[in-house]
Amino acid sequence: MTDSSAPETIESPHHLEQQRRENREAIAALGVHPYGRRTDGLVSIQEARGRYDEQADQAWNDTPKEERGEDPRPRVRVAGRVVLKRDGGRLIWMQIRDHTSSPAPKEGEPEPAGFIKDLQLAISKRDCAAPGFDIAKHLDLGDLVIASGPLMRTKAGEVTIWADTLEMAAKSLAPPPEKWSGLQDVEQRYRRRYVDLYANPETMRTFATRARMLSRIREFLRDRGYLEVDTPVLQAMAGGAAARPFVTHMNALDVDLFMRIAPELYLKRLIVGGMPKVFEISRNFRNEGLDKSHNPEFTSLELYQAYGNYETMRELTEALVRDAAVHVGESRGLLPDGWTEGQPLRLPFNDLEIDYGTPFRLVTFAELFESACGFPMSDVNRAREEAKRRGLKHEGMDDILVVNELFEEVAEATIDPEKPTFVFDYPAALSPLTRPKIDDDGNAVCAGDIALAERWDIFIGGMEIGPAYTELNDPDVQESKFREQLAGIDDEESTFRSFDDDFISALKVGMPPTGGMGLGIDRLCMLLMNQRTIRDVILFPMMRPEA
RNA sequence: GGGAGUGUAGCUCAGUCGGUAGAGCAGUGGCCUUUUAAGCCAUUGGUCCAGGGUUCGAGUCCCUGCGCUCCCA
């Protein structure tokens with residue numbers, strides 16, 4: 001920075017950054033590199049606290065200074081971000097934070113499960129080796145430091161590293177959020193997640209839990225013999241779901257491609273090829289709106305099992321969701337002591353207490369429709385009247401779409417949100433990739449005139465978490481389903497019907513009877529981690545680009 | 001798309017009836033070797049989202065636009 005530009009810099013809104021640059025220079029002038037170096041032997045704050053030895057500390061304190069020999073107190077080396085600093089002249093106190101630690105709860109508030117408090121450092125002019133004390137003098141809140149020394153407890157009872165070395169790990173040039181209230185601005189929390197993560201440790205906990213949940217799901221599936229695979233994100237045809245795709249262009253081949261809206265049609269090709277049990281935890285992309293349960297890119301689990309059906313998938317899904325709930329509940333300290341299979345396991349979600357422990361509820365589409373609407377879904381004329389009365393879309397729409405509209409508006413709302421619920425046997429016309437339901441004699445099963453399909457959807461906490469099918473494996477029926485066009489279908493639904501010639505070819509090779517399911521991972525995270533919006537379980541949610 | 005709310009210092013927020021822009025934290029300069037959101041003294045820091053209007057005078061009232069949040073579709 002030249003002298004001529006200095007006045008301008010001081011006038012600029014970044015004068016706080018300028019002051020930090022000056023502190024960086026002061027540290028560099030001590031011969032210390034302000035951005036640190038490789039450091040081995042670090043322990044987390046959680047580990048450091050665990051190593052504190054009360055007896056050794058007592059023994060040391062009880063020994064007169066002149067009789068002291070080897071210091072028996074455990075030594076640790078810890079890295080962290082300076083979140084509080086109290087400069088006491090020749091003794092400087094700091095609190096440092098890492099991914100395991102949090103600020104002390106406000107007065108009167110309880111400590112959350114697994115709470116680990118930020119760690120205190122004492123940097124004494126007398127006891128800390130040069131240039132540690134001089135570094136400490138020039139530290140700003142937000143700087144990253146490495147301290148080592150014995151673990152002791154102060155008069156006030158605070159476990160502390162009485163540092164004998166203090167090293168610089170990185171200078172922070174950005175002014176940190178307010179030390180007590182953290183980063184509150186919702187938009188800034190998403191845009192600057194790197195600040196949110198350290199300033200609001202609850203955010204760190206949420207994403208650590210999400211990662212553990214995903215590991216657990218993979219372990220659960222691996223243990224049951226499912227193979228994790230990767231299928232194309234860039235697809236010439238976006239199939240397998242009803243959604244508007246993102247379009248992109250591939251220069252080398254000069255073709256337009258779509259970002260996948262679902263991996264379904266590729267995973268089924270793998271079943272054709274002879275992989276018996278596959279799953280993919282995939283990022284899908286849907287060019288639609290943003291709201292508290294929709295992000296344009298989102299994570300889902302899709303899974304297929306040869307020689308299974310939608311019942312197989314129900315059993316698996318219930319076990320998987322319960323297993324995830326147990327593990328998340330455990331890590332949040334919400335699992336009742338001595339919990340065993342079959343007992344209620346209630347996890348909070350907003351105002352709800354959702355029970356993942358006892359068997360999930362099973363209900364058919366037709367039953368739910370009739371109990372909510374007061375007449376059977378096969379009475380399509382009443383359905384039309386009812387839709388009209390309620391001001392729902394109905395004109396120019398196929399009967400079955402009117403029934404579906406009514407189901408989504410009226411019947412779904414009657415599902416107990418505190419009780420995970422499988423809704424079975426959707427109308428076949430709504431499920432073009434699903435095998436029609438047949439009885440033991442091979443006859444189509446209908447509700448009145450409406451043919452049913454072997455599909456369920458699972459609802460938890462008022463959200464649809466995922467569907468499952470007995471997969472349609474008859475290439476001729478699949479081909480006619482692709483060609484079938486319903487009147488009044490919207491653009492998104494019509495992508496379901498886009499004709500994938502190669503997929504038909506695959507089915508012609510022969511796909512075994514197969515059960516398949518999909519599960520919205522982000523929504524499952526919202527539920528199990530009690531987060532109100534999908535943006536609180538996605539590290540970098542979609543935001544309008546800044547101007 | 002509709003409705004409600006909101007936008008003020010780096011951060012968290014006040015700002016009354018329209019009358020010279022405020023606090024806490026952070027920062028800067030001091031004092032302090034057991035502090036706990038340390039404390040004490042002094043102090044820097046503002047395009048009040050943008051544009052227009054009303055008015056002697058607008059952070060405040062009106063209009064338009066933009067951003068963000070929540071609710072509804």
Side-chain angles (χ1 to χ4, degrees), chain A residues 7 9-24 26 57 61 81-97 101-109 117-128 132-133 136-143 149-164 172-192 195-196 198-200 288-294 350 390-393 405 408-409 413 462 490 532-536 541-547:
Chain A
T9 308
I10 286 161
E11 302 256 323
S12 83
H14 301 295
H15 71 280
L16 293 172
E17 176 175 326
Q18 183 53 30
Q19 283 162 345
R20 284 164 177 266
R21 287 180 182 279
E22 285 162 14
N23 278 331
R24 184 176 68 178
D57 195 19
N61 287 331
R81 198 177 286 275
V82 178
V83 290
L84 293 174
K85 183 183 166 190
R86 298 181 283 277
D87 187 337
R90 277 169 287 179
L91 180 60
I92 299 170
W93 301 94
M94 292 186 289
Q95 301 285 136
I96 62 168
R97 179 174 303 164
S101 75
S102 309
K106 290 169 193 176
E107 212 167 285
E109 285 184 16
K117 197 183 163 198
D118 296 336
L119 184 62
Q120 178 163 276
L121 307 181
I123 315 297
S124 153
K125 188 174 173 65
R126 185 186 61 220
D127 298 331
C128 189
F133 182 79
K137 277 285 176 191
H138 294 286
L139 285 175
D140 290 304
L141 295 184
D143 288 353
L151 281 162
M152 47 85 71
R153 198 189 278 280
T154 64
K155 282 183 202 164
E158 182 89 15
V159 171
T160 300
I161 297 181
W162 196 271
D164 41 36
S172 174
L173 296 175
E178 210 274 336
K179 66 186 183 185
W180 193 241
S181 41
L183 184 60
Q184 294 298 315
D185 185 290
V186 178
E187 186 183 356
Q188 291 305 314
R189 287 188 45 228
Y190 300 137
R191 288 195 191 278
R192 308 185 70 214
V195 176
D196 183 37
Y198 92 78
N200 301 320
E288 292 164 7
L290 295 160
D291 66 29
K292 68 175 192 248
S293 61
H294 293 86
N350 296 336
R390 290 177 179 271
L392 303 176
K393 288 185 291 179
E405 194 74 14
E408 288 182 353
E409 287 302 314
D490 57 27
R532 187 172 293 276
T533 85
I534 198 167
R535 294 198 293 179
D536 289 327
M542 181 57 63
M543 304 290 287
R544 178 187 301 278
E546 286 182 286

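Proteins come first, then strands; the chains are lettered A, B, ... in the order of their sequence lines, and each starts at number 1.
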- With a 3.5 angstrom cut-off on both distances, give the Watson-Crick or G-U wobble partner of B:rC48, or none if there isn't one. none
- Using Watson-Crick or G-U wobble geometry with both distances below 3.5 Å, tell me the partner of B:rG67, or none. B:rU6
- Item | Interatomic distance, A:Arg21 CZ vs B:rG27 C1' [rounded to whole Å] | 16 Å
- Message: Looking at every non-hydrogen atom in both residues, tell me the closest pair between A:Pro150 and A:Asp164 and how far apart they are.
- Response: CD-OD2, 3.8 Å
- Note on the structure: Considering only heavy side-chain atoms of A:Gln184, the closest of B:rU69, B:rG45, B:rC13 is B:rC13
- In whole Å, what separates the P atom of B:rG19 from that of B:rC13? 25 Å
- Task: Select base, sugar-phosphate, or nothing to describe what A:Arg535 touches, counting heavy atoms under 4.0 Å on all strands.
- Result: sugar-phosphate
- B:rG57 pairs with which nucleotide, Watson-Crick or G-U wobble, both distances below 3.5 Å? none
- Message: Taking the C1' atom in each of B:rC41 and B:rC48, what is the distance between them to the nearest angstrom?
- Response: 31 Å
- Item | Distance, C1' atom - from B:rG59 to B:rC17, rounded to whole angstrom | 15 Å
- Passing candidate, side-chain hydrogen bond (donor to acceptor under 3.5 Å, both in side chains) with A:Arg21, options A:Glu17, A:Gln19, A:Gln18: A:Glu17
- Message: Please tell me if A:Asn23 has a side-chain N or O lying less than 4.0 Å from either OP1 or OP2 of B:rU28.
- Response: yes
- Query: In whole Å, what separates the C1' atom of B:rU28 from that of B:rC71?
  - Reply: 46 Å
- Query: Once each nucleotide of nucleotides 31-41 of chain B is scored for protein heavy atoms under 4.0 Å, what B/S/- sequence comes out, 5' to 3'?
  - Reply: -BBBBBBB---
- Supply the atom-to-atom distance A:Asn61 CG to A:Arg153 CZ, rounded to the nearest 0.5 angstrom. 11.0 Å
- Message: Which nucleotide, if any, forms a Watson-Crick or G-U wobble pair with B:rA23, using both distances under 3.5 Å?
- Response: B:rU12
- Rounded to whole angstrom, note down the P distance from B:rA21 over to B:rC49. 14 Å
- Query: Mind checking the C1' distance from B:rC63 to B:rA73? Whole angstroms is fine.
  - Reply: 28 Å
- Task: Tell me, yes or no, whether the heavy-atom count around A:Lys137 atom NZ, taken from other residues, nucleotides or ligands under 6.0 Å, exceeds 12.
- Result: yes
- Task: Measure from the side chain of A:Glu187, starting at C-beta and using heavy atoms only, and say which of B:rU12, B:rG67, B:rU69 lies closest.
- Result: B:rG67
- On a whole-Å scale, what distance lies between the P atoms belonging to B:rG46 and B:rC40? 26 Å
- Would you classify A:Lys292 as touching base, sugar-phosphate or nothing, given that sugar-phosphate means primed atoms plus P, OP1 and OP2, and contacts are heavy atoms under 4.0 Å? sugar-phosphate
- Note on the structure: Exactly one of A:Gln95, A:Arg97, A:Arg81 clears side-chain hydrogen bond (donor to acceptor under 3.5 Å, both in side chains) with A:Asp118, and that residue is A:Arg97
- Note on the structure: Taking a pair to mean Watson-Crick or G-U wobble geometry with both distances below 3.5 Å, B:rA42 pairs with B:rU28
- Does a side-chain N or O from A:Arg20 land closer than 4.0 Å to OP1 or OP2 of B:rG27, or not? no
- When we call it a touch if two heavy atoms are under 4.0 Å apart, what does A:Asp291 touch: a base, just sugar-phosphate, or nothing? nothing
- Message: Taking B:rU43 as the reference, what is the distance to B:rC61 when you measure between their C1' atoms (whole Å, please)?
- Response: 37 Å
- Task: Could you pick out which residue, A:Glu409 or A:Leu183, lies toward the 5' side of RNA chain B when each is mapped onto its nearest nucleotide?
- Result: A:Leu183
- Message: How close do A:Ser124 and A:Asp127 get, counting heavy atoms only, and between which atoms?
- Response: OG-N, 3.1 Å
- Lys/Arg-Asp/Glu bridge criterion (N-O < 4.0 Å) met for A:Asp536, A:Arg189: yes
- Gap between atom CD1 of A:Ile92 and atom CZ of A:Arg86 - 0.5 Å precision: 12.0 Å
